Number of protein chains: 2
Amino acid sequence: MTKDPEDNDAPPNQPERFQQARAAQAMAILEDYAEMISDLIEEMGEARITDIASRMGVTHPTATKAVARLKREGLAVSRPYRGVFLTDEGADLAERVRARHRTVVDLLVAVGVPPETAEMDAEGLEHHVSETTLKAFERYLDAAAAK
Amino acid sequence: MTKDPEDNDAPPNQPERFQQARAAQAMAILEDYAEMISDLIEEMGEARITDIASRMGVTHPTATKAVARLKREGLAVSRPYRGVFLTDEGADLAERVRARHRTVVDLLVAVGVPPETAEMDAEGLEHHVSETTLKAFERYLDAAAAK
DNA sequence: ACAAGAATGTAGCCAAGGCTTTAAAAATAC
DNA sequence: GTATTTTTAAAGCCTTGGCTACATTCTTGT
Ligand SMILES: [Mn+2]
Ligand SMILES: [Mn+2]
Ligand SMILES: [Mn+2]
Ligand SMILES: [Mn+2]
C-alpha cells in the first residue's frame, strides 16, 4: 500500500494552515482576558486582578502578566492597586469576542451539542473561527430560525 | 447599568472551561505531529525530519524538538539519521485525530462553510472538539446524509 | 489608630515552542 | 573515490504562560 516516494499528496497550503492555527492561538489569551475584563466591569463595576485570576482559573501573578501584555498591546490600562480598564480598542475586541462566542455556542447547540458541552468547547473553539466561518454560522442560524 | 458589586453572574464552572481549553491546547501539537508523521509514512513510506518541518511550516530544529517530545511521551520512536516512526499508541492517536479532523471539516461544510475555509479553520478547531461534540457532529452528518 | 487580613506587586523558576547558527553525517554527483 | 549538497543534530536565545514564595500596600474591624 506504500506509494512511490516520488509523489506527494500534501495540499500545497498545509504549512499555511498550521501557521494560521498558531497565529489564532497567539491571540486567544488576549481575547479571553479582554472579554473577561469587560464582563467583570459590567457585572461588578470594576475588574480586579483577584477576580480576573479566579475566573480564568489561574493564580494572580499569571493574571497580572496577562494584563501587562494587554497593556503593552494597547488594549487595557491600569494603575497600581486600581482595577483594570479597557481602551476603546480593547472594548471593541471584547465586544467582537463576546458576540463570536455566543454565535459559536448557538451553532453548536443548533447542531445537537448539549448546552453544557457547547459552553465548554466554545471556550477553545471560538479562537479558531474565521470571519468567513462566522458568517456561515450566522447564515445557518438565521435560516434555522426562519424554519 | 452597573450592577450591585455584591452579585456575581459568573457561571460557577467558568474556571474549568478555561482550564479545559488550556489542556486541549497542550495536546494540539502532539496531535498534529502524530497525524503528520502518519500521513508521511502512508504517502512516502517514511517520515523524515525535513518533510515534517516543511509541512508543519516550521524550521527543522523545531520539528526535531517536537519529535523529541513525542518520543518522551511514548508516541514515537526514532534513531539518529533514520526516519521517525509511531508507536502503537502514537498510531492510534494519529488515527483518532485524522478521523476527528475529517468530521470537523465535514460538519463545517455541511453547515455552509466553503471547503477551503473549512480546511483552514479545522486545523485549529479540531483540538477543542470534545468526544460529546464529536458524537453530535456525527449524528448531524448522518441525519443530513439520510435527508 | 492600628493590627490583622486581603489584595496586589515583584522576583524568579520552569516547560513549551518558536528561532538562528554551527557542526557532523549521509547522500549524491562527478 | 572524492567533492559537493542535503539532511540531521546540537547548542543556545527568546517569548509566552504557567507556577511559588515573598514583599508591599490597602482595607477593615475593633
Ligand atoms: Mn476562549
Ligand atoms: Mn469566550
Ligand atoms: Mn490541528
Ligand atoms: Mn489536523
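Every chain is numbered from 1 and lettered A, B, ... according to where its sequence line falls, protein lines coming before strand lines. All values reported here derive from a predicted model rather than from experimental measurement.
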A:R69 CZ to D:dT15 C1', in whole Å, measures 9 Å
When rounded to whole Å, the CG to P distance for the pair B:L30 and C:dG17 reads 8 Å
Presence of B:R48 side-chain N/O under 4.0 Å of D:dT8 phosphate oxygens OP1/OP2
yes
Name the nucleic acid region contacted by B:P61, choosing base, sugar-phosphate or nothing; use a 4.0 angstrom heavy-atom cut-off, strictly under.
base
Here the distance between atom P of C:dA25 and atom NE2 of B:H60, to the nearest Å, is 16 Å
Separation of C:dG17 atom P from B:I52 atom CD1, nearest Å, is 15 Å
On DNA chain C, more 5' by nearest nucleotide between A:A47 and A:R22 is A:A47
Discussion item. Is the phosphate of C:dC19 approached by B:T62 (side-chain N or O, under 4.0 Å from OP1 or OP2)?
Written reply: yes
On DNA chain D, more 5' by nearest nucleotide between B:G83 and A:G57 is B:G83
From CE of B:M56 across to P of C:dG17 the rounded distance in Å is 10 Å
Smallest heavy-atom separation, B:L30 atom then B:L75 atom, equals CG-CD1, 4.0 Å
For A:P15 and B:G57, the nearest pair of non-hydrogen atoms, with its separation, is CB-CA, 3.8 Å
From CZ of A:R72 across to P of D:dT16 the rounded distance in Å is 5 Å
Q. Has B:E16 got more than 12 heavy atoms of other residues, nucleotides or ligands less than 6.0 Å from its CD?
A. yes
A:E138 with A:K135: basic N within carboxylate O range, under 4.0 Å = no
With sugar-phosphate meaning primed atoms plus P, OP1 and OP2, does A:R82 contact a base, only sugar-phosphate, or nothing at under 4.0 Å between heavy atoms? nothing
Under 4.0 angstrom, heavy atoms only, what part of the nucleic acid is A:T50 near: base, sugar-phosphate, or nothing?
sugar-phosphate
field: Below 4.0 Å: OP1/OP2 of D:dT8 and any side-chain N or O of B:T64
entry: no
Rounded to whole Å, NZ of A:K65 lies from C1' of D:dT16 at a distance of 8 Å
When rounded to whole Å, the OH to C1' distance for the pair A:Y81 and C:dT10 reads 10 Å
Tightest non-hydrogen contact, residues B:G112 and A:A136, listed as O-CB, 3.7 Å
